[in-house]
Amino acid sequence: MFDIEKFDIKLDTEQIGRDFVYAEEVTSTNELLLNEKNLYKHHGTILLAEFQSAGKGRLNRTWLSTQEMNLTFSILISDPKFLKKRINILNFAAALAVSMSIENLFQLKTDLKWPNDVLIANKKVAGILLGSVSSGSRIDRLVIGIGLNVNQISFQGKFNYEPTSIKKELRQNIEREKLLAEILNSFEDLMEKSLTNPKFILDEWRAKCGSIGSRIRISENEKTRQGIFEDINDEGFLILKSGDNLETIHFGDVSIIV
Ligand code: BTN
């Protein structure tokens, strides 16, 4: 059981998490925050679910998470000032908030994997999925969904990338309330920085991404490309170098070629 009071004491934000919705079971927290606009209106609303019956992952995958073990939640961004340009940078801000919180609270080293995975010891501890609702070219609602493996220690199924959890790496039970508050505190700070100093977010992300400069393979469905992971551009897209050719990649799964 998630103790909302414990969480609230640690939350130090102005907007993010001030509307907090706790649910035992939903289909997908992303789906609900995106579609139920009459129920969830306020910028910064958090929907945390103990179980998702249809949790969504990137590239149409499913996200599985054992009930009450982890953090599966979504953040609603509806303040237009954050939705004007380069929303992809919020993706990086979210990955950084998760990574910095794990490092600060548990002294575990994390790495970031393009576009939005958080790794510990080369295994995936968290994934992030962005969704949005637009009218014409204007984005009305952006939802940032985060799945973070906290206390689950066994993972069934076939995985694209080996999963882990904080408990599995640290061998001790983790208080989810303090961790969630820390993530939201950092995320609110980083969101402000995404407006005033977007370069800070991109540079912090680059510094934590161990695969920049490596030879990589990028797969998207049946399509694969190979080259050197040159950098990310100002919008957060991956720049792949093959010979003298630079290509901008928007989607895909990255693996390092050894
Ligand atoms: C990935 O494929 O790595 C992204 C996973 C994102 C999972 C989270 S869990 C909370 C939110 N609700 C969803 O349905 N998906 C995201």
Side-chain angles (χ1 to χ4, degrees), residues 2 7 16-17 20-36 39-40 44-77 87-88 90-99 101-102 110-120 122-133 141-152 155-166 176 179-180 183-184 187 205 208-209 211 218-221 236 238 250-255:
F2 187 88
F7 158 75
I16 303 294
F20 185 82
V21 184
Y22 173 79
E24 273 301 330
E25 180 173 339
V26 299
T27 48
S28 148
T29 56
N30 267 32
E31 192 179 292
L32 291 185
L33 281 193
L34 280 173
N35 300 331
E36 301 291 330
L39 269 177
Y40 309 115
T45 297
I46 300 293
L47 173 57
L48 171 78
E50 292 292 15
F51 183 71
Q52 297 185 109
S53 55
K56 294 183 195 320
R58 283 178 60 240
L59 305 174
N60 284 330
R61 299 190 181 114
T62 47
W63 183 262
L64 299 172
S65 171
T66 304
Q67 191 155 14
E68 298 195 7
M69 288 282 166
N70 300 318
L71 286 171
T72 46
F73 64 100
S74 300
I75 310 169
L76 174 64
I77 309 293
I87 53 158
N88 206 21
L90 296 179
N91 189 16
F92 287 165
L96 275 173
V98 172
S99 141
S101 303
I102 295 174
T110 59
D111 274 299
L112 299 177
K113 178 171 176 286
W114 189 86
N116 44 14
D117 291 347
V118 183
L119 311 179
I120 302 178
N122 218 20
K123 286 165 277 175
K124 178 161 167 171
V125 71
I128 295 167
L129 179 70
L130 258 60
S132 59
V133 175
R141 298 161 85 78
L142 174 73
V143 169
I144 302 176
I146 302 182
L148 169 58
N149 298 330
V150 183
N151 286 315
Q152 183 173 341
F155 298 87
Q156 254 90 54
K158 206 170 153 274
F159 297 96
N160 183 262
Y161 215 79
E162 188 184 340
T164 192
S165 68
I166 301 176
R176 293 184 299 159
L179 175 57
L180 180 59
I183 293 171
L184 301 182
F187 181 65
W205 191 92
K208 283 176 166 279
C209 174
S211 48
I218 302 193
S219 345
E220 193 207 341
N221 301 320
L238 186 152
H250 296 88
F251 307 101
D253 278 326
V254 171
S255 49

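The shown structure was predicted, so the numbers you read here are calculated from the model rather than taken from an experiment. Every number for a ligand or one of its atoms is a count from 1 in the order of the listing.
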- Summary of salt bridge (Lys or Arg N to Asp or Glu O under 4.0 Å) pairs that have at least one residue in residues 44-54, sequence neighbours excluded: Glu50-Arg176

- Could you list all the salt bridge (Lys or Arg N to Asp or Glu O under 4.0 Å) pairs where at least one residue sits in residues 22-32, not counting sequence neighbours? Glu31-Lys56

- Message: Could you check whether any side-chain N or O of Ser132 sits under 3.5 Å from a backbone N or O of Leu142, counting only pairs where one atom can act as donor and the other as acceptor?
- Response: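 Such a contact is absent between Ser132 side chain and Leu142 backbone.
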
- Message: As a test of reading the model: which residues have a non-hydrogen atom less than 4.0 Å away from ligand 1?
- Response: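 Answer by chain and number: Ser28, Thr29, Asn30, Gln52, Gly55, Lys56, Gly57, Arg58, Trp63, Thr72, Phe73, Ser74, Asp117, Lys124, Gly127, Ile128, Leu129, Gly145, Ile146, Gly147.
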
- Check the side chains of Tyr161 and Asp253 for a donor-acceptor pair under 3.5 angstrom, ignoring hydrogens and angles. no

- Task: Kindly check if the number of other-residue, nucleotide or ligand heavy atoms within 6.0 Å of CZ (Phe251) is above 12?
- Result: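 No, because the 6.0 Å sphere around CZ of Phe251 holds 12 heavy atoms or fewer from other groups.
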
- Under the salt bridge (Lys or Arg N to Asp or Glu O under 4.0 Å) test, which residues partner Asp117, sequence neighbours left out? Lys113, Lys124

